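All remarks here apply to the structure that follows.
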Amino acid sequence: MTPAELVLLPGLNNTAAVFDDVKAALPDTVRAHCPDLPALETVEELADRVLREAPARFWLGGFSFGGYVAMAVLDRAPERIQGIALICSGPAADTPAQAAKRQEAIAGARQGGYLETAAASTAPFHPDSLARPELMARRRTIVQAYGAQRYIAHCLACIARPDRAGLLDGRHPTLLVTTTHDRVVAPENLQRLAAEVPGSRLETVAGAGPLLPLEQPAALAAVLARWIAQGDAS
């Protein structure tokens, strides 16, 4: 049987390496493509880059910032998308308050404070993960590879993105994945979204914060594989 093609897009402060363990845990029935997102300042430019490299038809998963890019991909090429998964993410635009916080973060990164601020933050982790030094080290390596230039560009892309919630209209299988300890995209936000999107599926993964692909990669892989298998069977 030909494997299903799955494109996974990484989040803010993350390179494609955030999906290494997810990719390894996927069954042979799913072939994952995990592109890096370069330092481009709009989600539309990033979507065009993804589409140039992606298979002709594919399942699409966006983690955090990658979810914003995934929505732009869906907007640009809906005929190529077999289904869309938003992982600790959502389709809405930034609120004015969120945009203002991003502008402050951009200013800090331009002044040279990016690496230490991003690497030292424990907000993306479940409390149990803080006792896993290997996970903390991997996080720092990823942040260092991601870099301030990409962070600034992606923050600008976040601020500029439009609300694309209307694209989630039931025509594409939709998976919404949250965690029990996400303090960035609150689980109740995705619960409300799931109630609004026809035919959507909501999954909650325990033991993780908003860094789900690093903290619970096998659980995320299992959720994605089940969703794709059920979509292919329908």
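Keep in mind it's a predicted model, so treat the numbers as computed, not measured.
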Could you give the side-chain donor-acceptor pairs of residues 185-198 under 3.5 Å, partners two or more places apart or in another chain?
unit_1, atom_1, unit_2, atom_2, d
N189, OD1, R192, NH2, 2.4

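Residues meeting the side-chain contact (heavy atoms from CB on, under 4.5 Å) test with D169, sequence neighbours left out: R171. Contacts of R49 classified as salt bridge (Lys or Arg N to Asp or Glu O under 4.0 Å), with partners at least two apart in sequence or in another chain: none. With sequence neighbours excluded, the residues satisfying side-chain contact (heavy atoms from CB on, under 4.5 Å) with A222 are R226. Shown here are the salt bridge (Lys or Arg N to Asp or Glu O under 4.0 Å) partners of D20, two or more places apart in sequence or in another chain: there are none. Qualifying salt bridge (Lys or Arg N to Asp or Glu O under 4.0 Å) partners for R132, counting only residues two or more places apart in sequence or in other chains: E134. Taking the side-chain hydrogen bond (donor to acceptor under 3.5 Å, both in side chains) definition, one finds that H172 meets it with nothing, sequence neighbours left out. Taking A47 as the reference, A72, V73, R76 meet the side-chain contact (heavy atoms from CB on, under 4.5 Å) condition, with sequence neighbours excluded. Partners of A39 by side-chain contact (heavy atoms from CB on, under 4.5 Å), not counting sequence neighbours, listed by chain and number: Q149, R150, A153. Listed by chain and residue number, nothing satisfies the salt bridge (Lys or Arg N to Asp or Glu O under 4.0 Å) test with E53 (two or more places apart in sequence, or in another chain).
For the pair C88/V177, no side-chain contact is recorded, criterion being any heavy-atom separation below 4.5 Å from C-beta on. By the 4.5 Å heavy-atom criterion applied to side chains, P3 and T29 are not counted as neighbours. In this structure the side chain of D21 never reaches within 4.5 angstrom of the side chain of L214, judged on heavy atoms. Contact check for Q82 versus P173: no side-chain heavy atoms found under the 4.5 Å cut-off. In this structure, L168 and S200 have side chains that are not in contact, with every pair of non-hydrogen atoms separated by 4.5 Å or more.
Listed by first and then second residue, the salt bridge (Lys or Arg N to Asp or Glu O under 4.0 Å) pairs that reach into residues 85-99 are D94-R102, D94-R161, sequence neighbours excluded. For residues 151-170, every residue pair satisfying the ring-ring contact (aromatic ring centres under 6.0 Å, His included) rule, not counting sequence neighbours, is listed here: F65-H154, Y114-Y151, Y146-H154.
Under the 4.5 Å side-chain heavy-atom criterion for Ile, Leu, Val, Met, Phe, Trp and Tyr, L156 and V69 are members of distinct hydrophobic clusters. Hydrophobic clustering of Ile, Leu, Val, Met, Phe, Trp and Tyr side chains at less than 4.5 Å, counting indirect connections, keeps I152 apart from V143. One hydrophobic cluster holds both V205 and V30 under the rule that ILVMFWY side chains link at heavy-atom gaps under 4.5 Å. Taken together through direct or relayed side-chain contacts under 4.5 Å among Ile, Leu, Val, Met, Phe, Trp and Tyr, I142 and L8 form part of one hydrophobic cluster. Y68 and L40 fall within a single hydrophobic cluster, where Ile, Leu, Val, Met, Phe, Trp and Tyr are joined by side-chain heavy atoms under 4.5 Å apart, directly or via other members.
Considering all non-hydrogen atoms of both residues, P213 and V18 come closest at CB-O, 3.5 Å. In this structure, P91 and M71 approach most closely via the heavy-atom pair CB-CE, 3.9 Å. The minimum heavy-atom distance between E5 and R57, with the atom names listed, is CB-O, 3.8 Å. Of all heavy-atom pairs spanning A93 and Q98, the tightest one is O-OE1, 4.1 Å. Across V184 and P210, no two heavy atoms sit closer than the pair CG2-CG, 3.8 Å. Smallest separation of non-hydrogen atoms from P10 and A16: CG-N, 4.1 Å.
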Given R201 and L176, is the side chain to side chain contact (heavy atoms under 4.5 Å, CB included) satisfied, shown in steps?
CA-CA 6 Å; R201 175 173 176 171; L176 305 171; over 6 Å; no
Is there a side chain to side chain contact (heavy atoms under 4.5 Å, CB included) between R164 and V43 once you walk through the steps?
CA-CA 12 Å; R164 289 189 162 99; V43 293; 3.6 Å; yes
Begin with the C-alpha distance, continue with both residues' side-chain angles, and end with the deciding distance and a verdict on side chain to side chain contact (heavy atoms under 4.5 Å, CB included) for V50 and L46.
CA-CA 6 Å; V50 170; L46 288 162; 5.5 Å; no
Just do the side chain to side chain contact (heavy atoms under 4.5 Å, CB included) check on F63 and N14 with the steps written out, would you?
CA-CA 10 Å; F63 163 55; N14 289 284; 3.7 Å; yes
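Remark: E45 CD to D48 CG distance equals 8.0 Å, nearest 0.5 Å. Here the CG-OG distance, from D182 to S89, works out to 10.0 Å after rounding to the nearest 0.5 Å. One distance of note links CD1 of I87 with CZ of F19; it measures 5.5 Å at 0.5 Å rounding. Rounding to the nearest 0.5 angstrom, the gap separating the CG atom in L202 from the CG atom in L86 is 11.5 Å. Annotation: the span from H126 atom NE2 to L135 atom CG amounts to 12.0 Å, rounded to 0.5 Å. The distance from the CG atom of L167 to the CD1 atom of I81 is 11.0 Å, given to the nearest 0.5 Å.
Judged by distance alone, the side chain of R80 and the main-chain N or O of L51 form a donor-acceptor pair under 3.5 Å. Of the possible donor and acceptor atoms, none in the side chain of E215 sits under 3.5 Å from a partner among the backbone N and O of G207. With hydrogens and angles ignored, the 3.5 Å screen pairs no side-chain donor or acceptor of S64 with any backbone N or O of G66. A donor-acceptor pair is defined here as one N or O able to donate and one able to accept, closer than 3.5 Å; such a pair exists between the side chain of T179 and the backbone of A208.
Under the 3.5 Å distance criterion, with hydrogens and angles disregarded, no donor-acceptor pair is assigned to the side chains of Q144 and T141.
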